Every structure is written in structure tokens, then in C-alpha cells.
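Please read these numbers as outputs of a predicted model, since none were measured by experiment.
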Amino acid sequence: MKSYRKELWFETGKRREFINITPQIEQCIRESGIKEGLLLCNAMHITASVFINDDESGLHQDFERFLEKLAPEKPYSQYAHNGFEDNADAHLKRTIMGREVVVAITDGKLDFGPWEQIFYGEFDGKRRKRVLVKIIGE
Ligand code: ZN
């Protein structure tokens, strides 16, 4: 069995951002040389997510509104976590959007359903953060 590991780094210009990382993930699969197997991709930070959904800008605005309704950023004082930090909302948003995705690799490609794309979801950005890609198979 082959195994591959890589860290992808991101630094967003805004506090919250969604980035389609599918092209980087496809590059990882090519580098791994694995044709049949499983790919795990997870955020290595507790204020960021990796999730699968549609690359449609209206939907991304809907996610932003939905998350702001559930866990609004401000006022910072509404959260017990915000003593030395101001990112309680980011921890909560990350938990809603998830930590990781697992995708089957078939014939050297992501075995996706229609419209599925992999996103990095940043909820406390403007600093360097990373995502782990692990691929196992043959
Ligand atoms: Zn925190």
C-alpha cells in the first residue's frame, strides 16, 4: 500500500473566506501516484473547516448568512471564550461546517458526485493556517 502526506498553507485577506481547494487536491493525487484508494483532507486548526459543496457564489453568501445567524461574530462579549481572544464565533462556525472530508479515489481521480467540490472554510483568517492531505491506496 502506498501512502502520501502533504500540508497545504493558506492565508486569507479576510476574517472569513471560502476557497475552492479542489485543484490543489487533484495535484496531490497526481503527485501520490495512487489510482485506487482514499483521500482524507482536514483543517489542522480549530477555527477552520474543510467541507464539500457547490462552487456557487450565491450559496456561499447563504452559508455566510446562515453561520452569522447561528453564531454571530459580534458582540464579542456575548461569548465566554472571548477573554483573551475574539474568535469564539469561529470555533462554533468550524464545528457546524465540519473538520474534514473523505473522498474515494477511483482511476486516479476524485470519485465525486455532480457539482461536488472541496472547500477550505476560514473563520478566523488573516494568518497562515494549514490543511492536511493524506492519501492511502495503490
Ligand atoms: Zn479561540
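Judged purely by atom type and a 3.5 angstrom limit, Glu85 has no side-chain atom pairing as donor or acceptor with the backbone of Asn82. Without hydrogens or angle criteria, Thr22 side chain to Ile118 main chain gives a donor-acceptor distance under 3.5 Å. Using a distance-only test at 3.5 Å, with no hydrogens or angles considered, no donor-acceptor pair links the side chain of Ser32 to the main chain of Tyr4. His60 places a side-chain N or O within donor-acceptor distance of the main-chain N or O of Asp54, the cut-off being under 3.5 Å.
Pairs of residues two or more places apart, or lying in two chains, that qualify as salt bridge (charged side-chain N to carboxylate O under 4.0 Å, His left out) and include a residue from residues 56-69 are Arg16-Glu64, Arg16-Glu68, Asp62-Arg65, Glu68-Lys93. Sorted by first and then second residue, the salt bridge (charged side-chain N to carboxylate O under 4.0 Å, His left out) pairs with a member in residues 106-122 read Glu122-Lys129; sequence neighbours excluded.
With a 4.5 Å cut-off on side-chain heavy atoms, Ile135 and Leu38 do not count as touching. When side chains are defined from C-beta on, Val50 does not count as touching Glu100, because their heavy atoms never get closer than 4.5 Å. A 4.5 Å side-chain heavy-atom check between Leu92 and Leu70 finds every atom pair outside the cut-off. Between Asn53 and Gln117 the shortest side-chain heavy-atom distance does not fall below 4.5 Å. When side chains are defined from C-beta on, Asp55 does not count as touching Trp115, because their heavy atoms never get closer than 4.5 Å. Under the 4.5 Å side-chain criterion, counting only non-hydrogen atoms from C-beta, Glu138 is not in contact with Ile34. In this structure the side chain of Ile29 reaches within 4.5 angstrom of the side chain of Leu110, judged on heavy atoms. Ile52 has its side chain within reach of Val103: a pair of non-hydrogen atoms, C-beta onward, lies under 4.5 Å apart.
Every residue was checked against the side-chain hydrogen bond (donor to acceptor under 3.5 Å, both in side chains) condition with Glu11, not counting sequence neighbours, and none meets it.
Rounding to the nearest 0.5 angstrom, the gap separating the OG1 atom in Thr95 from the CZ atom in Phe123 is 9.5 Å. Atom OG of Ser77 sits about 11.5 Å away from atom CG of Asp86, to the nearest 0.5 Å. Of the inter-residue distances, the one linking Asn42 atom CG with Met44 atom CE reads 6.5 Å to the nearest 0.5 angstrom. Rounded to the nearest 0.5 Å, atoms NE2 (His45) and CZ (Arg99) are 11.5 Å apart. Atom NE2 of His91 and atom CD1 of Ile46 lie 4.5 Å apart (nearest 0.5 Å). Atom-to-atom distance recorded for Leu8:CG and Cys41:SG is 6.5 Å, nearest 0.5 angstrom.
Connection of Val101 to Val133 is established within a shared hydrophobic cluster, with ILVMFWY side chains joined at heavy-atom distances below 4.5 Å, either directly or through further cluster members.
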* To do: Step by step, work out the side-chain hydrogen bond (donor to acceptor under 3.5 Å, both in side chains) result for Asn87 and His81.
  => CA-CA 8 Å; Asn87 66 0; His81 178 67; 3.1 Å; yes
* Asked: Between Glu36 and Thr106, does a side chain to side chain contact (heavy atoms under 4.5 Å, CB included) hold up when you go through it step by step?
  -> CA-CA 5 Å; Glu36 297 292 325; Thr106 305; 3.9 Å; yes
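Closest approach of Ala48 to Tyr120, counting heavy atoms only: CB-OH, 3.5 Å. Here the closest non-hydrogen pair linking Val131 and Ala43 is CG2-CA, 4.3 Å. Listed here is the closest heavy atom pair of Ala90 and Asp124: CB-CB, 3.7 Å.
Between Arg5 and Glu7 there is a salt bridge, since a side-chain N of the basic residue sits under 4.0 Å from a carboxylate O of the acidic one. A salt bridge is defined here as a Lys NZ or Arg NE, NH1 or NH2 lying under 4.0 Å from an Asp or Glu carboxylate O, and Arg94 with Asp89 fails to meet this definition.
The ring-ring contact (aromatic ring centres under 6.0 Å, His included) test with Phe119 is passed by exactly one of Phe10, Phe51, Phe18: Phe51.
When the shell of 6.0 Å around CH2 of Trp9 is examined, it contains more than 12 heavy atoms from other residues, nucleotides or ligands.
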